[in-house]
Each structure stands twice: as C-alpha cells, then as structure tokens.
Asker: 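Sending over a structure as structure tokens; questions will come in a sec.
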Amino acid sequence: MKFIQTIAAVSVLAVSIVTPAFAQSAGGATYKAKCQMCHGADGQPTATGKSMKALPFNAPELTKASNATLIASIMNGKGRMPAYAGKLTDSQIKDVVAYIRTLQK
Ligand code: HEC
C-alpha cells in the first residue's frame, strides 16, 4: 500500500514537472509560426523586424518589462507590430511570453 502511494506521489510530481516544459514548447510553436519572421529564431530581430524598429528581446528595456507590459503590447500591438488580441488566446499569449523569456537569457 505504501508502495502504491509512493508511485502515485511520484507520478503527480512528474506531471507537475512536465507541464511547464510543455507550456514552453506550445509557446515556441506559436512563436515560430507568428512572431519569428520579425523577431528572429533567437530573439534578435530579422531585417524585416529591424526595418520596423523591433528591439532584440534581450535589450534592457524588454528584460526589465513586466509580463503584463509585454502581454499588453502583444494584445494591442505597438508601433508597427500588429495586435494579436482575438488572433491568439490569452493562454497562447501567456505561453509565448514565457517562451520570449527563454530568449532573453
Ligand atoms: C510584422 C512584424 C512583427 C510581428 C509578426 C510580430 N512583431 Fe512583435 N514587434 C514588432 C515591432 C516592430 C516591435 C517594436 C514596437 C515598438 O516599440 O515600436 C515589436 C515589439 C514586440 C514586443 C515588445 C513590446 C514592448 O512592450 O516593447 C514584444 C514582447 C513582441 N513584439 C512580441 C511579439 C510576439 C509574441 C509576436 C507573435 C505573436 C510578435 N511580436 C509578432 C514587430 C512584429
């Protein structure tokens, strides 16, 4: 019985460890499909992104910006960046911000 409880506890733990990694890869898929053409695979803007004045994601302005600020810019657009409210769900936007954070390291 104790053994079965341990297995159950371990599998609950495994699920909670796997979930953030999965969320991150979901963000990665959205990023590749919708954002990479301007922001680049590694967060350094492409020629298109640069011509529209996109900053690299590791610029201090963006590493310091809160998740709420980045989410608002993604939803409403900013400068020449298109708005994604209604095109991406709230959870897709949250996942893509988590993915952007991995590009800032
Ligand atoms: C057509 C090109 C283009 C696409 C596609 C694009 N962006 Fe942008 N993005 C920009 C530009 C240009 C800026 C700089 C806006 C400014 O500061 O004037 C920007 C800025 C940002 C910022 C910084 C916002 C801030 O508060 O300074 C984030 C975060 C961002 N983009 C995320 C995304 C995400 C996520 C996607 C995909 C869902 C995406 N972008 C798609 C062009 C693009």
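Residue indices begin at 1 and follow the sequence shown.
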Asker: Other residues, nucleotides and ligands only: do more than 12 of their heavy atoms fall within 6.0 Å of CG on Asp42?
Answerer: yes
Asker: At their closest point, which heavy atom of Lys87 faces which heavy atom of Gln92, and how far apart are they?
Answerer: O-OE1, 4.4 Å
Asker: Please list, one pair per line, the donor and acceptor atoms closer than 3.5 Å that link side chains of residues 26-41 to other protein atoms, with sequence neighbours excluded.
Answerer:
unit_1, atom_1, unit_2, atom_2, d
Thr30, OG1, Ala26, O, 3.2
Tyr31, OH, His39, O, 3.3
Tyr31, OH, Gly40, O, 2.6

Asker: Might you point out which heavy atoms bring Leu103 and Phe57 nearest each other, and give the distance in Å?
Answerer: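 Smallest interatomic distance, heavy atoms only, reads CD1-CD1, 4.3 Å.
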Asker: If you round to the nearest 0.5 Å, how far is CD1 of Ile100 from CG of Asn58?
Answerer: 12.0 Å
Asker: Just to verify, which of Val96, Thr89, Ile74 counts as forming a side-chain contact (heavy atoms from CB on, under 4.5 Å) with Tyr84?
Answerer: Ile74
Asker: How many angstroms lie between atom NZ of Lys50 and atom CG of Leu55, to the nearest 0.5 angstrom?
Answerer: 12.0 Å
Asker: For the atom pair NZ (Lys64) and CD (Gln104), what is the distance rounded to the nearest 0.5 Å?
Answerer: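 Separation between the atoms: 12.0 Å.
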Asker: About how many Å separate CG of Leu88 and CG of Asp95, when rounded to the nearest 0.5 Å?
Answerer: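 The CG atom of Leu88 is 10.5 Å from CG of Asp95, to the nearest 0.5 Å.
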Asker: Should Lys94 and Asn67 count as side-chain neighbours, where that means a heavy-atom distance under 4.5 Å?
Answerer: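 Contact flag for Lys94/Asn67 side chains = no.
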Asker: On a heavy-atom basis, which atom in Pro56 and which in Pro45 lie closest, and how many Å separate them?
Answerer: CA-CD, 3.5 Å
Asker: Quick check: closest heavy atoms across Ser73 and Lys78, and the distance to 0.1 Å?
Answerer: OG-CD, 3.9 Å
Asker: Side chains of Thr69 and Ser66: is there a donor and an acceptor less than 3.5 Å apart?
Answerer: yes
